[in-house]
Amino acid sequence: MCAQTSALRPGEGVGQWRLVLDGKRAEWPDTVATTSPRRVQAVGRRLLRHLRRKGHYYAALDSVSVDTSGARSKVRFYARRGPRVRVGALRLEGDSAVPATDLRTLMKTDEGALLRPDQLEADIQRLLDRYEEAGHPLAQIRVAETRLVKGNPPTLRVGLRIDEGPALWLRRVEGPDDARTTPELLAHLAGVEEGQSLRGYDPDVIRRRLQEHDLFDKVGPPQLRVVDDGGAVLRIPIDEASPGAFDAVLGYLPPSRARDSGQLVGSGHLLLKHLFGGGRTAEFTLDRRPGQTSIVNVSIADPYLLGLPLRVAGRFRGEQRDSTYGKRIYELEGGYRLGNGLELTATLSRESVRPGPTGTQIRGAQQQIPRATTLFYGVGVRYRQLDRSQNPRRGLSLNVQLSRGRKERRLRRVSASGDTTRVADSFRQERLHGRARAYLPLFDRQVFVVGGDGSVLRSRDHDRSDLFRLGGATSLRGYDEDRFLGNVVARGLFEYRLQLDRASYAHAFFDLGYAARPALDAATGTEGWHPGYGLGMKLQTALGRISATYALNPGVQSPADGRVHLGLSVGL
């Protein structure tokens with residue numbers, strides 16, 4: 001059987017490996033990879049491990065000869081197998097916190113079986129894991145006895161000595177002295193509870209849990225310090241993320257049928273996060289859209305209310321559509337986390353619409369924009385499991401919200417006789433919102449992103465202020481902001497990303513949008529599919545995070561008519 005070889009240095013030649021066991025020529029084992037004759041010691045260690053896995057616990061290497069006189073080096077190993085050793089007696093000493101019967105069921109090494117050192121090492125690790133679950137993370141296990149008992153076949157008496165260590169309970173959790181994060185929040189995010197036994201303590205799991213949150217840039221290995229009474233202090237090194245950011249996005253919309261010249265649009269977004277060290281956030285957004293449209297969003301959220309896995313958020317949205325109408329939305333949302341990234345949500349919102357001078361005009365048979373108030377209540381589910389919050393490489397996020405409400409409206413309507421009367425009516429409405437993203441790693445630094453967004457409104461009657469808008473840098477790229485209007489809107493997105501570092505990437509994208517609009521006033525209903533495509537990038541720099549996208553749609557006259565958006569996010 002030919003030995004495996006690897007590339008050698010010039011002039012060294014490819015080695016020929018031979019094995020002599022107990023004075024007789026033997027085939028070279030497939031499981032022992034060979035390399036340059038300069039690495040004889042490493043190959044010898046691999047050979048002995050191979051023999052011991054076969055039950056020859058006392059296998060020994062007598063000598064090695066290396067002949068380099070020819071074009072190809074010749075290496076010959078002389079070894080003795082020794083007797084195949086079976087486990088005669090297996091004793092566990094020092095066990096009390098965990099019953100010996102439980103420990104033995106975890107072990108694959110058993111009396112009468114061939115002794116495999118690698119299997120025994122794996123058994124010891126399983127026993128240590130069991131002691132961690134029992135609240136003894138400092139337990140130690142060593143092989144205290146290996147005594148050969150002569151016989152046919154010979155057996156080995158194996159004794160394991162267990163030092164269980166103290167039964168630990170968590171006295172407190174500490175972070176760096178200058179950290180804003182409160183110890184209570186740090187313990188909650190780490191999944192440990194002060195004053196309780198340290199059952200199932202795993203520093204790698206704690207570190208991974210903390211790294212999943214965007215509150216921290218870096219998390220070091222947790223350090224456990226034991227005091228005399230059995231209490232433990234868990235210190236977790238953390239580097240906290242910036243306490244806030246200011247984002248500015250500027251877009252250019254080229255001339256179109258509705259515009260004789262190009263137009264600048266944009267938004268400003270102020271984010272304050274981790275307020276008072278409790279993970280609380282406050283956001284303010286001012287959005288300038290085509291025409292005379294302005295949108296203001298304000299939100300405040302506490303993700304760990306009273307130290308519980310309970311998130312509470314309050315939001316306000318103000319929207320002014322030139323002189324057509326103004327809309328105000330007040331919303332309260334609560335979310336309860338069930339673990340593993342799953343959260344159940346409930347919402348309550350009040351929406352009011354007030355028509356402007358243009359909105360009060362009669363179009364068709366009734367007032368263009370009615371005066372209306374709607375109270376919505378709803379439930380939903382969120383799921384988020386990403387390998388990292390920024391620039392994820394693998395994972396899934398999902399957000400689905402279903403809400404129901406009653407709309408009260410007042411408007412002027414033209415009767416069959418031509419008279420204008422004021423009427424009031426009331427009817428139910430139902431809304432469904434969904435958003436999903438899946439991140440799939442392809443090759444090194446390459447990620448495929450697939451996802452979709454959608455909104456559906458079910459109602460006996462529709463007003464323009466009820467409908468959803470689609471188009472722009474954050475919804476359907478390649479089109480003007482709010483280009484399409486409908487009671488059913490959706491977008492599917494496909495992105496190929498080339499990750500440049502943990503926070504930066506370049507990407508190519510394709511969006512496919514759909515909008516269905518019901519008949520409004522004198523206009524008939526419409527529906528259609530709308531593709532968009534382009535290129536973009538997000539770069540983390542010393543100045544901040546810079547983003548740029550260039551997007552087109554099939555209806556543009558030339559590449560110069562593409563939509564361009566530039567953004568800058570500066571940490572506070």
Side-chain angles (χ1 to χ4, degrees), residues 249 251-260 262-267 287-295 297 317 319-322 324-327 329 351 353 358-359 363-364 368-369 401 429-437 451-459 461-495 509-534 536 549-557 561-565:
V249 178
Y252 174 73
L253 307 180
S256 65
R257 297 176 183 176
R259 293 187 305 272
D260 295 332
Q263 182 179 359
L264 291 177
V265 296
S267 66
D287 201 350
R288 178 71 170 84
R289 299 197 176 182
Q292 301 297 320
T293 299
S294 298
I295 299 175
N297 284 290
R317 177 183 174 92
E319 181 178 341
Q320 185 64 47
R321 297 280 171 179
D322 50 58
T324 305
Y325 69 89
K327 189 173 184 179
I329 302 175
E351 303 181 3
V353 177
T358 303
R363 177 177 293 182
Q368 182 178 347
I369 302 294
Q401 300 287 329
Q429 291 185 327
E430 294 178 344
R431 294 191 304 202
L432 176 66
H433 298 286
R435 183 183 188 275
R437 297 287 187 274
D453 314 296
S455 299
V456 179
L457 171 66
R458 290 186 58 187
S459 180
D461 199 2
H462 297 90
D463 297 318
R464 184 174 294 271
S465 58
D466 294 332
L467 303 184
F468 309 112
R469 296 177 183 270
L470 183 68
T474 59
S475 61
L476 180 58
R477 293 165 288 191
Y479 296 88
D480 291 354
E481 316 300 305
D482 301 341
R483 169 68 177 81
F484 305 103
L485 198 66
N487 65 317
V488 178
V489 297
R491 172 189 63 152
L493 67 89
F494 307 89
E495 287 189 6
F509 59 82
F510 174 78
D511 289 352
L512 182 61
Y514 172 80
R517 189 185 68 188
L520 292 174
D521 307 326
T524 59
T526 62
E527 65 174 331
W529 296 89
H530 312 283
Y533 43 88
T549 59
Y550 170 75
L552 298 165
N553 69 73
V556 299
Q557 300 296 323
D561 295 329
R563 274 64 178 169
V564 177
H565 287 85

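In this structure, OG on S459 lies 9.5 Å from CG on L467, to the nearest 0.5 angstrom. R491 CZ to D453 CG: the interatomic distance, rounded to the nearest 0.5 Å, is 4.5 Å. Atom CG of L470 is separated from atom NE2 of H530 by 7.5 Å, given to the nearest 0.5 angstrom. Atom CZ of F494 sits about 13.5 Å away from atom CZ of F509, to the nearest 0.5 Å. Rounding to the nearest 0.5 Å places CD1 of I369 at 6.5 Å from CG of D463. Summarising the geometry, atom CD belonging to E351 is positioned 9.5 Å from atom CZ belonging to R317; distances are rounded to the nearest 0.5 Å.
Side-chain atoms of R517 never come within 3.5 Å of backbone atoms of L485 as a donor-acceptor pair (strictly under, hydrogens ignored).
Scored by the salt bridge (Lys or Arg N to Asp or Glu O under 4.0 Å) test, E430 finds R404, R458 as partners (sequence neighbours excluded). Annotation: salt bridge (Lys or Arg N to Asp or Glu O under 4.0 Å) contacts of R321 (sequence neighbours excluded): E319, D482. Qualifying side chain to side chain donor-acceptor pair (under 3.5 Å) partners for Y325, counting only residues two or more places apart in sequence or in other chains: R469. For D322, there are no salt bridge (Lys or Arg N to Asp or Glu O under 4.0 Å) partners at least two apart in sequence or on another chain. Residues passing the ring pair (Phe, Tyr, Trp, His ring centres under 6.0 Å) test with H433, sequence neighbours excluded: F468. For T474, the side-chain contact (heavy atoms from CB on, under 4.5 Å) criterion is met by no residue, not counting sequence neighbours. The side chain to side chain donor-acceptor pair (under 3.5 Å) check on Q368 picks up nothing, with sequence neighbours excluded. A search for side chain to side chain donor-acceptor pair (under 3.5 Å) contacts involving R483 returns nothing, not counting sequence neighbours. Qualifying salt bridge (Lys or Arg N to Asp or Glu O under 4.0 Å) partners for D287, counting only residues two or more places apart in sequence or in other chains: R289. Listed by chain and number, the residues in a side-chain contact (heavy atoms from CB on, under 4.5 Å) with N553 are Y479, V556, R563 (sequence neighbours excluded). The side chain to side chain donor-acceptor pair (under 3.5 Å) search around D461 returns R409, not counting sequence neighbours.
Counting only residues at least two apart or on different chains, the salt bridge (charged side-chain N to carboxylate O under 4.0 Å, His left out) pairs with a member in residues 470-479 are R477-E495, R477-D511.
Contact record, R288 with S294: CD-OG, 4.1 Å, taken as the closest heavy-atom pair. The minimum heavy-atom distance between P554 and P531, with the atom names listed, is CD-O, 3.3 Å. Across every non-hydrogen atom of G452 and R437, the tightest pair is O-NH1, 3.4 Å.
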